[in-house]
Amino acid sequence: MPDPLDVFKAVAVALFASALMGAVGHRFSGGRPSGWVWSLAIGTGAYLGLATLGIRPRWPIREDQHRLLGLVMPAILLIEAAGGALRPPRWLILGGRLAASLAVAPVILYGSIYVADLAGPKSAEWSPARRWLIFSGLGLALFGVWSCLVRTQRQSGSSVRTPLALAVAIAGAGLTVMLSGYASGGLVGLPLAGAIAGAVATAAWWREDALGAAHGVGVGVVGLFSVLAIGLFFGRLRVEPAILLFLSPLLAAIAEAPLPFRLGLRWRSAAGLALVAIVVGLVVASTARRFAADAGLVDDQLERANTFWAVAASESGS
Amino acid sequence: MKAGLWAAAVVLGCGITARAAETYGIDQNHSGVNFKIQHSGISWIYGRFNDVDGEFTLDAENPSASSFSLTMKTESVDTANEKRDEHLRSPDFFNAKQFPVLSFQSKSVKKVDEGLEVTGDLTLHGETQPLTFLLKGGKSIELPKGTHRVGYTTHFKLKRSDFGMDTAMEFLGDDVHVEISFQGVRS
């Protein structure tokens, strides 16, 4: 496990660099930022944060993590930047989103034992039919959640809610993957979450509209999906927490449900984000407990906690 | 008569040549690949690969024509701690889902005083690096009767960072000490 202080520094670097680049982008775009500002901010922040931890894509690309950092993330950053700059028709946006969604899982799993005959002829774990069924299912799931989140973002009227919900989910996914036997894979999620939070902070500062902030959703949801995919297929992340974490940002949309009382935009956003944070927190806590139990830490921790409370009680009594 | 003698000599000669280069399959039950790595600079963690396979060809007349190939399944790494083994199989270390096999293929074999000096390519974690080691032994026995065996032992040191395995360098050593002992059964 990496030093928590180093991780904290990396997240802080990602957040600050992203906020700074976002501010520069807002300034140069004359207060009408587009997808490229979000891509520039998140990309700069995430990669600087990762570099702080010594994580960078390696060439030639051979492993899942390097395909995520060297192919998937740059591609989605470019797609969002181009989408914002060129303003393509709706059918092209949806087509591009579907194609990108279908491509992520095959890229992440490229050349692995699931799809390649690495241990002899016909040794791939998935048959061609099963492979395409799984890839189609994963791609459609990503497309569905991505589309729902973009819709939620546009309808919410908030530039903060959905990207921040994604940042919370990515941070939770990173921690969960780290606690599931793949420390360096989960670590990727933390600077990415910090970078999205930095871009959100700038958008909030400049009072960006919800439409512009939708460009941060694509990068966030693909990042979340990818971190969970490497944890699931290359680490020991279980399916249940992966699904919960992947779907958790959708809870931000619940705040848009009709309520018997009036609730302002900020309160709706706060309620939506609180829901996301609760679910993500529960998943991380449950995984941490399982990790501690596997490592034989639970009894020691309980003993320490009991000692702490016993000392505290005796001191307050005296 | 002379032609007959020549023919006999050629046939015998061929027979000798054929016997000179003999192929052996690795006997998994009597072979092992063990390693040790320093933990936090104060003690050693020992491990092994439980799934080892391969074959070698020995040419007694011309040792440089001999060859050795060895494969290990990274999934079979065993340090007597299942949780640690699972972590070792993850992309933090071996990345068994991406690189399921660790292999060595010799490129040259040279007879030296102490045994055979074998040079070849070691492929680990998707990286191939040259490796040279001294193979000692070469004693042959017949066990059980009719089954010809020959055994070798070697040890060498490699740097895991040379193979892109540079996670947790602050508390796990870079040098990995490897000891291999194997028996081959003549095919």
Side-chain angles (χ1 to χ4, degrees), chain A residues 1-3 5-6 53-69 108-120 123-126 177-188 227 229-238 290-297, chain B residues 25-26 28 39-40 45 49-55 69-77 79-105 123-129 160-172 174:
Chain A
M1 281 285 178
D3 187 338
L5 193 63
D6 291 340
L53 290 167
I55 299 174
R56 54 183 64 85
R58 285 186 184 167
W59 307 94
I61 290 175
R62 291 199 183 103
E63 294 185 72
D64 51 292
Q65 197 187 118
H66 306 134
R67 286 191 289 274
L68 163 60
L69 296 177
I108 296 279
L109 292 166
Y110 178 81
S112 67
I113 61 163
Y114 299 104
V115 296
D117 298 328
L118 296 175
S123 62
E125 283 193 10
W126 296 344
V177 170
M178 286 173 76
L179 292 165
S180 302
Y182 187 0
S184 61
L187 209 50
V188 171
V227 169
I230 62 172
L232 192 62
F233 293 111
F234 293 89
R236 287 186 296 114
L237 177 63
R238 292 174 305 121
R290 181 181 285 264
F291 175 82
D294 284 347
L297 298 175
Chain B
I26 295 284
Q28 296 190 9
H39 183 252
S40 304
I45 302 290
F49 290 96
N50 292 326
D51 195 329
V52 183
D53 205 355
E55 64 171 30
S69 74
L70 204 63
T71 59
M72 286 142 266
K73 290 205 172 135
T74 47
E75 194 73 29
S76 73
V77 67
T79 62
N81 181 319
E82 187 50 33
K83 291 295 161 195
R84 180 167 59 210
D85 296 343
E86 283 177 355
H87 193 200
L88 286 173
R89 289 173 197 130
S90 83
D92 285 341
F93 295 96
F94 287 104
N95 200 350
K97 302 285 186 195
Q98 192 76 53
F99 310 117
V101 176
L102 190 166
S103 66
F104 174 80
Q105 178 62 56
T123 302
L124 161 62
H125 197 247
E127 296 270 354
T128 300
Q129 298 284 346
R160 63 188 178 102
S161 60
D162 288 345
F163 296 88
M165 291 175 70
D166 50 9
T167 312
M169 298 290 273
E170 61 278 14
F171 59 88
L172 268 185
D174 191 12

Query raised in the report: With only heavy atoms counted, which part of Asp166(B) is less than 4.5 Å from chain A, the side chain, the backbone, both or neither?
Result: side chain

Query raised in the report: For Asp64(A) and Pro91(B), which heavy atoms make the closest approach, and how far apart are they?
Result: OD1-CG, 3.8 Å

Query raised in the report: Given the rule in the side-chain contact (heavy atoms from CB on, under 4.5 Å) test, do His125(B) and Glu63(A) qualify, once you have shown the distances and angles that lead to the verdict?
Result: CA-CA 9 Å; His125(B) 197 247; Glu63(A) 294 185 72; 2.9 Å; yes

Requested in this report: Considering only heavy atoms and a distance below 4.5 Å, find which of Glu127(B), Glu86(B), Glu82(B) pairs most often with chain A.
Outcome: Glu86(B)

Requested in this report: Look at atom CZ of Arg290(A) and say whether more than 12 heavy atoms of other residues, nucleotides or ligands are closer to it than 6.0 Å.
Outcome: no

Query raised in the report: In terms of heavy-atom proximity below 4.5 Å to chain B, should Arg62(A) be classed as side chain, backbone, both, or neither?
Result: both

**Report entry** Interatomic spacing from CD in Gln98(B) to NE2 in His66(A) - rounded to 0.5 Å
**Finding:** 10.5 Å

**Report entry** For chain B, the option from Gly54(A), Gly235(A), Gly111(A) that forms the most heavy-atom pairs under 4.5 Å
**Finding:** Gly111(A)

Query - Approximate separation, where rounding is to 0.5 Å, of Ile113(A) CD1 and Glu75(B) CD - result: 6.5 Å

Query raised in the report: Rounded to the nearest 0.5 Å, how far apart are CG of Asp92(B) and CD of Gln65(A)?
Result: 8.0 Å

Query raised in the report: Measuring from Lys97(B):NZ to Phe233(A):CZ, what's the distance to the nearest 0.5 Å?
Result: 10.5 Å

Query raised in the report: For Tyr182(A), does its backbone N or O pair with a side-chain atom of Ser90(B) as donor and acceptor, under 3.5 Å?
Result: no

Query - Which atoms of Asn95(B) approach chain A - backbone, side chain, both or neither, heavy atom under 4.5 Å - result: side chain

